[in-house]
Amino acid sequence: MFFNKKSKEEVEQQQEVSSSELDELKKKILNASLPDNVTKVALKELEKIKYISTSSAEYTIGLNYIDCLLGLPWNEVTADSLDLRRAKEILDEDHYGLMEVKERILEFLAVRLLRAKKKIGVLVVDDEKLTCLNLQHVLEKDGYHVDYALNGRDALELIEKNNYDIVITDLKMRDIDGFGVLEAAKNKDTNIEVIIITGYATVSTAVSALKKGSYHFLSKPLQLDEIRDTVRKALNKRLVRLDPRGPILCFLGPPGTGKTSLGVSIARSLGRKFVRISLAGVRDEAQIRGHRRSYVGALPGRIIQEIKRCGSKNPVFMLDEMDKIGQDFKGDPAAPLLEVLDPEQNKHFVDHYLEVPFDLSKVMFIATANTLDTIPEPLLDRLEVLYLPGYTNAEKVQIAFKYLIPRAIKSAALEEVKVNFTKEGVEHLIRGYTKEVGLRGLNRQVEAICRKLAKEILLSADTNIQEIIVDVEKVESLLGPPRYVSQVLDAKDRVGVSTALAWTPTGGEILFVEATKMKGNNELILTGSLGDVLKESAQAALSYFKSKAEEFEIPEDFFSTHDIHIHVPAGAIPKDGPSAGLAIAAALYSLLKEMPCKREVGMTGEITLTGRVLPIGGVREKLMAAHLAGVKIVLLPEKNRPDLDKVPEDIKNSLRIIWIKDLKEALEFVV
């Protein structure tokens, strides 16, 4: 009996504590300035869990749901900085080069800033003309565009015709009073702030006005300073002035070219918070749209989670690695992203967990990707792609001295020692120890040098080291012999081996196409993980020489008595695309004529059965790869001539570029 009595007391005590907590939670809901529909949902959920045992899982689920609603920034925003010069300074300060990309970003911001800098529209409604004129005079001195109406009916017509940010209305008017003006304004646009003024203010009327969406309730006689201050505060709720409509920028480029850091710079230039999520490996639609609360461990989607975490309704939101979205039986994550990235739909984005609309229209979304091939077409249609090419060696040297070396010295605590990198040492570091077109590899090597210097200083017998020079010899003593050597200069010309220029998602690369012959019966053997398009290019090249056998003085019975084997080394790496057709044809020509193919001649271009050379993509990346590999002459399709404008001058000056229309023209330079 004693045990039962004690249990009953404990239960009653728990119920009292629970009831007290729920009362506190109700106060929080009512004081949280949530939208009306969200407040109703939260109170309904609170009422439901009152009758559920505190030990039940449903009780905890209900509390977590209310906590999530309270934690979301329904009205919290950060002020937009509308200074384009500052945005340009920040982009230049954070990023070297990338002139075309930075130019497009500034254009993107400029259009929105011009829209945002339009004068604030104010409508004054009062049946006393003198009051209207006084308010118009005072507010126009503050830089606002002010219209006035002498009755509610005229006010409704003006609200319907024009766009206003603020409406200041008298409460007591004929026909249509201030409440009617308030209702019309909110029906037109819920973002219009309405200030009601009356000479007969009562608590009940003020409460009624605020419940209907009025921003403030002022009593007469009017204090002009109070009016001005109230208008200013009302506009503070509308700090998000950049129009979200327009294309979603997508930064496309190899790893390490600064795609994510560009998003950070945009956020900093606008004065907004920065949020980033990686979409790599996301296969479940619920990760974007959230889980329904009927599931155990249900959570909001990652979009809502990050909005809640940053505490702002208008961050710069980066969707990283968009090209790596997955898809399986759990749904297609690209489908909810279509809604998220559409300003006409995301005003009322419904997360499955929240079950109430959340406005994402103030968020500035930015995407990144390494390649466009795997992005779904409907999603790609929402994006404006800005390509970030790789950095040249000259640009890498500047970036190393301006950003990477000072950062690495500080990270290794070497500020008290004068560490001087020579230009020759940095160039040797770039050529011999890094290969990619981005900066991550270079950054790792610079940091490795600084760490090794820190170790040397502490182990050295000389405790008073004042200066360290990092030149070519010092680089090799710290990092060992160079890991990469020129693929072209250190190789000999060979029969049946041509130099191809290829594009990959990580930048340009050099490929060697090898061809050999053996006794057989007219069989073509293709190896090296070649895709269908590349195999077709090999077939087309062979067919071309077969059809022109007499012209090229190839023996009549050669093809019927020989097999041809074409191989592209690095067989573990899949390769595809039409642009290797010219290099395959050159390797075959070298083999058939038994003349060595010039190793220093790189080439790219698609060929046809009649020998025409068609244009290809990735010219900048391929020329950069040729420059780094030691290629001296590059054969390019004639129709790619306009693409040369995007190639840096130092790359163009280091190469002899020959424009080719026909395969016969190309073969003159190959052997």
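Just so you know, these numbers come straight off a predicted model, no measurement behind them.
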>> Could you check whether atom NZ of K423 has more than 12 heavy atoms from other residues, nucleotides or ligands sitting under 6.0 Å from it?
In response: no
> Salt bridge or not for E384 and R104, using N-O below 4.0 Å?
Replying inline: yes
> Are F552 and F545 near enough that their ring centres are under 6.0 Å apart?
Replying inline: yes
>> Check this for me, if you would: do E321 and K324 make a salt bridge, where the nitrogen-to-carboxylate-oxygen distance has to be below 4.0 angstrom?
In response: yes
> Excluding sequence neighbours, so at least two apart, what forms side chain to side chain contact (heavy atoms under 4.5 Å, CB included) with E514?
Replying inline: V497, H567, P569
>> Can you list everything that forms a ring pair (Phe, Tyr, Trp, His ring centres under 6.0 Å) with H565? Sequence neighbours excluded, please.
In response: none
> Is R382 salt-bridged to D342, cutoff N-O under 4.0 Å?
Replying inline: yes
>> I need the minimum non-hydrogen distance between Y391 and K396, along with the two atoms involved.
In response: O-CE, 3.7 Å
> Are D563 and K517 ion-paired here, with the side-chain N under 4.0 Å from a carboxylate O?
Replying inline: no
> Aromatic rings F365 and F317: how do their planes relate, parallel, tilted or perpendicular, breaks at 30° and 60°?
Replying inline: tilted
> Does D320 come within less than 4.0 Å of R276, counting only side-chain N to carboxylate O?
Replying inline: yes
> L386 and side-chain contact (heavy atoms from CB on, under 4.5 Å): which partner among I366, L252, L262, L249?
Replying inline: L249
>> If I take atom SG from residue C250 and atom CG from residue L383, how far apart are they, to the nearest 0.5 angstrom?
In response: 5.0 Å
> At what distance, to the nearest 0.5 angstrom, does NE2 of H562 lie from CD1 of I554?
Replying inline: 12.0 Å
> Do the charged groups of D94 and R268 touch, with an N to O distance under 4.0 Å?
Replying inline: yes
